There are 2 protein chains.
Amino acid sequence: MGKCEQCIIKEFNSLKALTNEELVRISNCKTSRIVKKGEAIFEEGDTLKGIYCIREGICKLTKLSSNGKDQIIKLVVKGELIGQRSLVSEESVNLSAIALNDMELCFIPKSEIINDLQKNTNFTLDLLKEMAHGLKEADDVIVNMAQKSVRQRLAETLIYINDSFGTKSDGTLSVLLSREDFANIIGTATESTIRVLSQFKKEDLITTIGKQIKIIDLEGLRRVE
Amino acid sequence: MGKCEQCIIKEFNSLKALTNEELVRISNCKTSRIVKKGEAIFEEGDTLKGIYCIREGICKLTKLSSNGKDQIIKLVVKGELIGQRSLVSEESVNLSAIALNDMELCFIPKSEIINDLQKNTNFTLDLLKEMAHGLKEADDVIVNMAQKSVRQRLAETLIYINDSFGTKSDGTLSVLLSREDFANIIGTATESTIRVLSQFKKEDLITTIGKQIKIIDLEGLRRVE
DNA sequence: TTAAAAACATGACATATATCATATTTCATT
DNA sequence: AATGAAATATGATATATGTCATGTTTTTAA
């Protein structure tokens, strides 16, 4: 198994703030885990025994609403950590993490992280900074949900996925989501999502190849009202 | 001016994690500020030179949507800190803070807090814990916005204000908001808010005395669909 | 105290979105 | 390649919510 201190992935998250010594210690007790597309890494209500560092793949963080529908709160990709919040707040996780493709994860036991939190201020400060940023992003999501139309929210979601996760060589979005996933991100019915995508096609803002989506007029999407 | 080390208010926020020595130092450089109802403590885009500790009063944190409407993200009361996030992330504030009644604030300069963040792990960990909790709350708001009706969101907002901030001796909610404020919390038109409040009155869930609202059937409100 | 302004309230109507029904296409499995 | 299941697509219709108009009440300031 790879060594944390030499792992490039950590540069994308707070683990980069750890010392070489701390990374060696983590490396010795970490475990690896493969999760197949559609499987859960953890589920709402679980008590986590550590955090995960995503080495490969993408997952969605979802929360079940009281009306029985799943809301996707966030997409998390290679390089990011999941489970830190629950570990910090010492509560069970409030979200489920479901793999959107085959994933490779490193699991770091809680005790290690707690230890580093108490001894390495840089690590704690980096986590704090990331959470502050996460809160800012959450504010934006709240405003969008509260104030914008389904049409606008879908356009912005397409732009977000395009800008954050990029496209494949054929120009289609590299994160492949079902229409239902899109609906669960923007908080609408699957049929509405499909209808708006059809509109976007007619307006030559996007094209679709099967379930794959290709943005052909990014500026147009930005202008959607 | 009062001394931080003897101030009871700090027990309600992360400042409680500071040592006596640190509190004395803060006490010597803090300043006091009075903000009248309706005035801004800070506005979206401002660069803050420190954080505020609320000694008295209530304010709303709002964000302007691209469609020109204000969204109220959070209500913040006596005992809480505001401005920490922006200080941690070293960015301009993403929200405006507007006083809902006359307020009394203590201002603590940035340099002091930064210093404490680097030297007192307990303080940093406490802030981290509060932010983790804030993120969890934000997730709940996102799900509610995305999945619930205006009727449900208004019912839940009334319950939230009742449970979190309590009532006056006559039973009316102690946080007094305009109908427009309610609309800006739940993300709807002011007229819709007024209409739903009228429905709630007809259903004997609440009564109103002028703009004041009194919950008379909390269980009924919880059952609203 | 009175006038003006702001907030509250309600009706009429327009529109966005949800829901239900039903094809059609794509995908996985044998 | 054939079959069934899942995902995508679209129409018809119901419903929730927004918008505009207008009137009433409450608050503010002269």
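This structure is a prediction, so every number in the text was calculated from the model and none was measured. Residue numbering restarts at 1 for every chain, and letters A, B, ... go by the order of the sequence lines.
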Given [N], is OP1 or OP2 found less than 4.0 Å from the side-chain N or O atoms of [X]?
X        : N      : result
B:Thr188 : D:dG18 : yes
A:Ser192 : C:dA18 : yes
A:Lys201 : D:dT8  : no
B:Lys211 : C:dA6  : no

Nearest to the side chain of A:Arg179, heavy atoms from C-beta on, is which of D:dA9, C:dT10, C:dA18? D:dA9

Within the modelled atom types, does a donor on one side and an acceptor on the other bring the side chain of B:Arg195 and the base of D:dG18 under 3.5 Å apart? no

Round to a whole Å and report the spacing from [atom1] of [X] to [atom2] of [N].
X        : N      : atom1 : atom2 : value
B:Lys37  : C:dA7  : NZ    : C1'   : 12 Å
B:Gln147 : C:dT17 : CD    : C1'   : 14 Å
A:Gln152 : C:dA16 : CD    : P     : 12 Å
A:Leu154 : D:dT8  : CG    : P     : 13 Å
B:Asn101 : D:dT27 : CG    : P     : 16 Å
A:Glu191 : C:dT22 : CD    : P     : 14 Å
A:Ile194 : D:dT10 : CD1   : P     : 9 Å
B:Asn184 : C:dC8  : CG    : P     : 12 Å

Where A:Glu80 and A:Asn13 come nearest, the two heavy atoms and their spacing: C-ND2, 4.3 Å

Nearest heavy atom decides the nucleotide; on that basis, is A:Gly210 or B:Leu177 closer to the 5' end of DNA chain C? B:Leu177

Which of A:Leu154, A:Asn162, A:Ile216, A:Ile215 passes side chain to side chain contact (heavy atoms under 4.5 Å, CB included) with A:Leu221? It is A:Ile215

Extract all donor-acceptor atom pairs below 3.5 Å that involve side chains of residues 99-106 of chain B and protein atoms in other chains or at least two apart in sequence.
residue  : atom : partner : partner atom : Å
B:Asn101 : OD1  : B:Ile58 : N            : 2.9
B:Asp102 : OD1  : B:Lys37 : N            : 3.0
B:Glu104 : OE2  : B:Arg55 : NE           : 3.2

Bend angle of the helix from C:dT1-D:dA30 to C:dT30-D:dA1, end axes from five pairs each (to 10°):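 Taking five pairs per end, the axes differ by 60°.
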
When you look at NZ of B:Lys16, are more than 12 heavy atoms from neighbouring residues, nucleotides or ligands closer to it than 6.0 Å? yes

How about B:Glu225: does its CD atom have over 12 heavy atoms from other parts shown lying under 6.0 Å from it?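 Open: at most 12 neighbouring heavy atoms sit under 6.0 Å from CD of B:Glu225.
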
N/O donor-acceptor pair under 3.5 Å between B:Glu112 side chain and B:Pro109 backbone: no

So, A:Glu156 and A:Arg153, do they make that salt bridge, N to O below 4.0 Å?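 A:Arg153 and A:Glu156: not salt-bridged.
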
Under 4.0 Å, counting only non-hydrogen atoms across every strand here, what does A:Lys148 touch: a base, just sugar-phosphate, or nothing? nothing

Using a 4.0 Å heavy-atom cut-off, does A:Thr190 contact any base of the nucleic acid, only the sugar-phosphate backbone, or nothing at all?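 No contact.
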
